[in-house]
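We count ligands from 1, going down the list as the structure has it; atoms in each ligand are counted the same way.
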Amino acid sequence: MPLTQRSTLTQFLIEERRRFPGASGDFNALILDVALACKAIARAVALGELGGHSGDFSAQGGAINVQGETQKKLDVLSNQVFIRRTEWAGNLAGMASEEMEAAYQIPAQYPRGKYLLVFDPLDGSSNIDVNVSVGSIFSVLRASKEVEATGRDVVEADFLQSGAQQVAAGYALYGPTTMLVLSVGDGVNGFTLDPELGEFMLTHPKIRVPEETQEFAINASNSRFWEAPVKRYVDECLAGKPGARGKDFNMRWIASMVAEAHRILMRGGVFLYPRDSKDPSKPGRLRLLYEANPVGFLMEQAGGRASTGETPMMSVQPSSLHQRIGLVFGSKNEVERIERYHAEPLPKASVDPLFSPRSLFRD
Ligand code: AHG
Ligand code: MN
Ligand code: MN
């Protein structure tokens with residue numbers, strides 16, 4: 001399509017806003033600031049070692065974040081970029097990020113607004129060193145009327161809203177092209193960064209996740225820690241054509257959730273990072289507020305589904321800012337199947353033989 005016929009992100013947002021004649025424009029301004037942050041991060045990622053980020057940009061940043069993970073310099077830089085690009089404009093009441101233990105307060109010299117921005121500034125950062133795609137992922141929530149009216153400092157409880165309450169969610173993918181994929185609650189649209197214009201252009205309107213798939217993504221090195229319904233699902237995929245599913249499956253694992261989400265939005269598939277027994281203090285690997293919820297919102301807006309395995313992700317009531325959770329998302333029929341396996345009593349074959357009838361451990 002010729003350039004002259006494509007919408008820019010700005011044009012898209014203004015046209016969307018016409019659906020809400022009373023809207024102030026704050027929301028659009030916020031999304032454009034987030035988009036600018038993503039462009040800046042895209043540039044840092046693309047320059048790699050040439051970027052001059054204190055020499056070695058993939059090196060460890062030194063500090064340990066609240067997750068107990070060592071921050072890379074690019075994690076820290078990306079977090080700063082998100083903050084600096086969005087804090088000044090009077091659209092935000094506060095922010096929360098993977099890289100900050102507590103909620104971020106809008107500095108006193110700036111006006112405060114009605115939205116909360118929650119983000120993982122650099123997702124998949126173990127891939128920086130090896131030149132594999134990484135991304136940023138974010139969620140926009142409404143602050144309470146009381147926060148909006150008083151302009152008080154935000155506290156953790158202000159962010160503990162279910163995924164269904166998200167106003168918008170999106171991610172930027174820093175791959176061979178930089179893309180911004182966004183939902184403002186009216187479907188999902190994908191924009192590709194035109195590096196010469198510096199604009200995100202609408203290239204993937206109204207993205208839909210195919211309901212059927214033959215592709216799954218899971219970190220199989222954790223298989224000994226999986227719960228029985230997950231084991232059953234993966235075993236059936238691996239059994240292929242002669243097995244219960246009657247078809248062969250393909251497997252992928254990028255270790256950048258944003259990149260996996262993008263593949264699934266483009267051509268279907270299912271992603272699992274389920275709750276497992278590896279570390280009882282971590283009920284899942286991924287974080288509810290800035291990974292599972294935004295990706296879940298995008299999937300559902302594109303006709304896919306997201307779940308803990310037991311509960312629809314959008315209805316989970318968060319209990320803390322950095323809460324981890326089991327996450328399954330992607331093509332609707334597969335996610336529903338996995339939910340069914342969690343709800344059903346275990347089939348005989350998956351009951352541990354030691355505990356089966358007539359074993360030593362049963363009376
Ligand atoms: P982050 O870099 O923000 O900490 O997130 C990495 C996440 C996610 O993107 C990916 O799906 C998962 O961690 C990979 O986990 P494994 O290392 O267990 O494969
Ligand atoms: Mn992440
Ligand atoms: Mn991250």
Please set out all donor-acceptor pairs under 3.5 angstrom arising from side-chain atoms of residues 302-311, sequence neighbours excluded.
from, atom 1, to, atom 2, distance (Å)
R305, NE, E339, OE1, 2.7
R305, NH2, E339, OE1, 3.2
R305, NH2, E339, OE2, 3.2
S307, OG, G309, N, 2.8
S307, OG, T311, O, 3.3
S307, OG, E339, OE2, 2.8
T308, OG1, E310, N, 3.0
T308, OG1, T311, N, 2.8
T308, OG1, T311, O, 3.4

When V118, N79, V154, I106 are each screened for side chain to side chain contact (heavy atoms under 4.5 Å, CB included) with M95, the one that passes is I106
Taken in chain and number order and not counting sequence neighbours, the residues that satisfy salt bridge (charged side-chain N to carboxylate O under 4.0 Å, His left out) with D33 are none
Assess whether a salt bridge exists between R324 and E291, defined as any Lys/Arg side-chain N lying under 4.0 Å from an Asp/Glu carboxylate O.
no
Protein-side N, O or S atoms sitting under 2.8 Å from the Mn ion (ligand 2) are D120 OD2, D123 OD1, E291 OE2
* **Any side-chain donor near an acceptor of the partner, S139 and N293, under 3.5 Å** => no
Here the gap from N222 atom CG to D279 atom CG, rounded to the nearest 0.5 Å, amounts to 11.0 Å
Ordered by chain then number, the protein residues lying under 4.0 Å from ligand 1 by heavy atom are E69, E98, D120, L122, D123, G124, S125, N219, W253, A255, S256, M257, F271, Y273, R285, L286, R287, E291
Quiz item: Is there a donor-acceptor contact under 3.5 Å from the side chain of H322 to the main chain of L288?
Solution: no
Quiz item: Does the E344 side chain pair with the main chain of Y341, one donor and one acceptor, at a distance under 3.5 Å?
Solution: no
Answer yes or no: is there an ion pair linking E236 with R232, defined by an N-O contact shorter than 4.0 Å? yes
